[in-house]
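As the structure is a computational prediction, the values presented were derived from the model and not from experiment. Residue numbers begin at 1 in each chain, while the letters A, B, ... track the order of the sequences.
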There are 4 protein chains.
Amino acid sequence: MTLADHAAPAPRPGRRADAERNRAAIIEAATVVFAECGGGVDVREIARRSGVGMGTLYRHFPTKDELLATVLEQQLDTWLTDAYRQAVATEDPWRALTGFFEQLLGNQAGNRAVVESYTATGGPGSACVQRCYALIDQLRVRCADAGVLRPGVTTDDLFLLSGALSQAVLTTAESHPGQWRRLLRISLDGLSSRNAEPLP
Amino acid sequence: MTLADHAAPAPRPGRRADAERNRAAIIEAATVVFAECGGGVDVREIARRSGVGMGTLYRHFPTKDELLATVLEQQLDTWLTDAYRQAVATEDPWRALTGFFEQLLGNQAGNRAVVESYTATGGPGSACVQRCYALIDQLRVRCADAGVLRPGVTTDDLFLLSGALSQAVLTTAESHPGQWRRLLRISLDGLSSRNAEPLP
Amino acid sequence: MTLADHAAPAPRPGRRADAERNRAAIIEAATVVFAECGGGVDVREIARRSGVGMGTLYRHFPTKDELLATVLEQQLDTWLTDAYRQAVATEDPWRALTGFFEQLLGNQAGNRAVVESYTATGGPGSACVQRCYALIDQLRVRCADAGVLRPGVTTDDLFLLSGALSQAVLTTAESHPGQWRRLLRISLDGLSSRNAEPLP
Amino acid sequence: MTLADHAAPAPRPGRRADAERNRAAIIEAATVVFAECGGGVDVREIARRSGVGMGTLYRHFPTKDELLATVLEQQLDTWLTDAYRQAVATEDPWRALTGFFEQLLGNQAGNRAVVESYTATGGPGSACVQRCYALIDQLRVRCADAGVLRPGVTTDDLFLLSGALSQAVLTTAESHPGQWRRLLRISLDGLSSRNAEPLP
DNA sequence: CATGAATGAGCTTTCATTCAT
DNA sequence: AATGAATGAAAGCTCATTCAT
């Protein structure tokens, strides 16, 4: 897998420019609104903020759920790309893993819809989860190979940790922003090979 | 603070017995329904399952939110009592802390509303959070005094951890029940004094 | 089958009086509105005219289609009862049959929804169709026994005729009211034993 | 009136050929779709099936209703032409009338939109109705002159009969195809001079 | 006091028609 | 002249809350 696979979506040729602009505007507005208010917002609010009519919105996304899924996927995709880019540029495997989590979580600070989606389905659409898994897996293997990872830690564990910390990020977003970093540090330390007891 | 403070609510005098019974039935039904379906369920469903009419329900809880809050609070209260009871009976401070978390999380396995509440408001009603804080604080102090706790760990950290793991419990409730225990172990290991690096 | 089976619906005991009144008001309004405008009207119009809120309407009829079906069935039921009452009181079998059709069709003059329903489904809900069939069948047998009915004519034929003439009634409702009676006469004459050629 | 009046529309001079082709494609698709689904279909479906854009469709037919009217008119026109052609070729006046109805109805078997149109407006656009009237009138006069038609039967009666039987054709299209022929026979027999009673 | 019917604003979605490209 | 994206006013239906019985 390369980063190029997830570059900005190539403008499909036969597509009108303003349609593409509208689609982008909808996603942008929806991203903000969903993050602020969660997945329960009125679709009208999104239409209003994107400056398009309801029909336009539903032409691009035939269902509210589809819009939500698209937004979540795209968001997580962007974040994953960012986080992974930095991780691969980091020599030290442990710092790579650490930095990946830090960046991923930092991005989704205060995003209601993202955490809701973890709760509802175990994460956004599977395609995106797949990718997240794959990236985490690479980082895990690097750490394992370097002998810095606690034995027995699986990719599932790391993925689950990501979701759990998302919750923490959201919880503290307004009252204690940044506190989640302490939790991240704690958890990651628990993942280091210094802790060798077998996991349940 | 003693456990007695949180015993079953003394039947307020002047209150008719059936009113109290209704209130209990509502809470019981709401507990189940909110856990199963999350806070978004139709109030009617709760009325139906408790066998009371809408009017009765709204007489006891003037708002859906108030009912939700009551349920969450009472539930967490019960769990806290259970978990704390076992913790104080445990000699080893570390095992006490560990067991407390394990029991607390085990209880709320798969409870949608609980995790949602973490997301929405930073936890259930403050009274309950207060108590949770207090209990965690006691356990934390015991560990700190015994020198088994990583320096710098605050009650806030532990509380936040509890919320984050709640998310993990819910996420894995159906597909991988019990996987959260691995995460709990990892996190708690990161809290041991074996990890001495300062937290951010 | 007796006429008593189709008397006014017995007020179900546990039912509140005003609920029954509302239900009746809804049906009454819906009857008028559907007849005037066809099955495509806005449900709100019915709610407005019956003086109830949308919720009330949907409490009684969980779907627009259900309301429509109820209205059609009840209407046809009433008409059938009227028409049949008169038919059984008529000595001459042929006049009984003739009168039955005349009255049935006369009632539904200009009712949009009724004819639409014939088009859509071959008639309103089956329960009602069953009854219509049964009544027509009795009248047909009387005529056949008296030797005044063209041989080979089935109840299906008569039922289909009823639907076809409904169309004619509606078509002429505004421009040539009453013209349908000529068509009725013509068709019924074609059903008399005077026309003995076998049917295709 | 001659048949030539209703031949294929002369290509209006200043009109581009592809425009004419589009118009034809639209009508062809609309004919199928309206027949299948009735007049309530989404205009998009017609645009899709004709392979033209919405704009083109609306350039040719500024309103959905206008398109529907055009389709109905053209369809009925074709059918009328067919049915009339055969009727004039038939020596026996009664067989001519009979055959005309049979063919006309046989053509519109199961055409939702046609029957709907009878219900809605008393028939398709007046131009077409005029022609239908004229044709039926000719056949009626032939029968009357030959003394085989029941006295007092008007062209209005015959036209109304046509609409009523349309309903029957549609009603039985799927479950009992062909049953309408029995009804046709019955009605026509009622129109024969054998039945001499005056009509209401 | 209990009941559950009534309320009505609000939600998601559709579709005839218009308009920028 | 053709395209199909954009529009926005309904439409069907839901549900927290109130109120008559």
Side-chain angles (χ1 to χ4, degrees), chain A residues 14-23 25-26 40-48 50-67, chain B residues 15-16 18-19 22 40-48 51-67, chain C residues 14-23 25-26 40-48 50-65 67, chain D residues 15-16 18-19 22 40-48 51-68:
Chain A
R15 203 81 170 240
R16 274 214 255 149
D18 59 344
E20 213 60 53
R21 229 180 306 127
N22 273 333
R23 192 187 154 91
I26 291 167
V41 251
D42 192 334
V43 185
R44 275 192 269 273
E45 178 62 23
I46 296 171
R48 208 173 306 131
S50 26
V52 307
M54 291 295 296
T56 305
L57 200 157
Y58 273 87
R59 159 177 284 276
H60 288 284
F61 303 95
T63 300
K64 187 191 188 181
D65 280 352
E66 227 152 308
L67 172 58
Chain B
R15 201 94 171 224
R16 275 175 26 177
D18 58 345
N22 274 336
V41 253
D42 194 330
V43 186
R44 265 168 259 277
E45 178 64 22
I46 296 170
R48 208 173 305 130
V52 307
M54 293 292 293
T56 305
L57 198 156
Y58 270 86
R59 164 170 301 277
H60 288 284
F61 304 93
T63 294
K64 187 191 186 181
D65 281 352
E66 225 150 311
L67 172 57
Chain C
R15 205 80 172 239
R16 275 215 255 150
D18 60 343
E20 213 59 53
R21 229 180 305 127
N22 272 333
R23 192 187 154 90
I26 291 168
V41 252
D42 191 335
V43 186
R44 282 159 169 81
E45 177 63 23
I46 296 171
R48 210 173 304 127
S50 25
V52 307
M54 292 293 296
T56 304
L57 200 156
Y58 272 88
R59 158 178 286 276
H60 288 284
F61 304 94
T63 299
K64 187 191 188 182
D65 279 353
L67 172 58
Chain D
R15 202 91 169 227
R16 273 172 30 175
D18 59 345
N22 273 337
V41 254
D42 194 329
V43 186
R44 265 166 259 276
E45 178 64 21
I46 296 170
R48 207 174 306 130
V52 307
M54 293 292 293
T56 306
L57 197 156
Y58 270 86
R59 164 172 300 277
H60 288 283
F61 304 93
T63 295
K64 186 191 187 182
D65 280 352
E66 225 151 311
L67 171 58
L68 180 53

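- When rounded to the nearest whole Å, the span between CG of D:Asp65 and C1' of E:dT17 equals 12 Å.
- When every heavy atom of D:Lys64 is checked against every heavy atom of D:Val41, the shortest pair comes out as NZ-O, 2.8 Å.
- Atom CD1 in C:Ile46 sits roughly 14 Å away from atom C1' in F:dC13 (whole-Å rounding).
- Minimum interatomic distance between B:Glu66 and B:Pro62 (heavy atoms only, all atoms of both residues): OE2-CG, 3.5 Å.
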- Could you walk me through whether A:Asp18 and A:Arg21 pass the side chain to side chain contact (heavy atoms under 4.5 Å, CB included) test, one step at a time? CA-CA 5 Å; A:Asp18 59 344; A:Arg21 229 180 306 127; 3.8 Å; yes
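- Rounded to an integer number of Å, the gap from CZ of A:Arg23 to C1' of F:dG4 is 16 Å.
- One atom, CG of A:Leu67, and another, P of E:dT13, lie 10 Å apart when rounded to the nearest Å.
- Taking each heavy atom of B:Val52 and B:Leu57 in turn, the nearest pair found is CG2-N, 4.3 Å.
- If you measure from atom CD of B:Glu45 to atom P of F:dA16, you get 12 Å, rounded to the nearest angstrom.
- Atom CD of C:Glu45 is separated from atom CZ of C:Arg48 by 5.0 Å, given to the nearest 0.5 angstrom.
- The minimum heavy-atom distance between B:Met54 and B:Ala47, with the atom names listed, is SD-CB, 3.9 Å.
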- Task: Mind running side chain to side chain contact (heavy atoms under 4.5 Å, CB included) on A:Tyr58 and A:Leu67 for me, showing each step along the way?
- Result: CA-CA 9 Å; A:Tyr58 273 87; A:Leu67 172 58; over 6 Å; no
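- As a whole-Å value, the separation of D:Leu57 CG from E:dC19 P is 17 Å.
- Heavy-atom nearest nucleotides on DNA chain F were determined for B:Pro62 and for C:Asp18, and the one closer to the 5' end corresponds to B:Pro62.
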When you compare the protein's N or O atoms with those of nucleotides 8-12 of chain E, which come within less than 3.5 Å of each other, and at what distance?
from: E:dG8; atom 1: N7; to: C:Met54; atom 2: N; distance (Å): 3.4
from: E:dG8; atom 1: N7; to: C:Gly55; atom 2: N; distance (Å): 3.3
from: E:dG8; atom 1: O6; to: C:Gly55; atom 2: N; distance (Å): 3.0
from: E:dG10; atom 1: O6; to: C:Arg44; atom 2: NH2; distance (Å): 3.1
from: E:dC11; atom 1: OP1; to: A:Asp42; atom 2: OD2; distance (Å): 3.4
from: E:dC11; atom 1: OP2; to: A:Asp42; atom 2: OD2; distance (Å): 2.1
from: E:dC11; atom 1: O5'; to: A:Asp42; atom 2: OD2; distance (Å): 3.1
from: E:dT12; atom 1: OP1; to: A:Val41; atom 2: O; distance (Å): 3.2
from: E:dT12; atom 1: OP1; to: A:Lys64; atom 2: NZ; distance (Å): 2.3
from: E:dT12; atom 1: OP2; to: A:Asp42; atom 2: OD1; distance (Å): 2.9
from: E:dT12; atom 1: OP2; to: A:Val43; atom 2: N; distance (Å): 2.8
from: E:dT12; atom 1: O4; to: A:Arg44; atom 2: NH1; distance (Å): 3.1

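- With pairs defined as Watson-Crick or G-U wobble and both atom distances under 3.5 Å, the stems of at least three pairs that touch DNA chain E come out as E:2-21 with F:2-21.
- If you measure from atom NE2 of C:His60 to atom P of E:dA6, you get 4 Å, rounded to the nearest angstrom.
- The phosphate of E:dC1 (OP1 or OP2) has no side-chain N or O of B:Arg59 nearer than 4.0 angstrom.
- Across C:Ala25 and C:Ser50, no two heavy atoms sit closer than the pair O-CB, 3.5 Å.
- The side chain of A:Asn22 lies closest to F:dA5, out of F:dA5, F:dA2, E:dA6.
- Here the CD1 atom belonging to B:Ile46 is positioned 10.0 Å from the CZ atom belonging to B:Phe61, to the nearest 0.5 angstrom.
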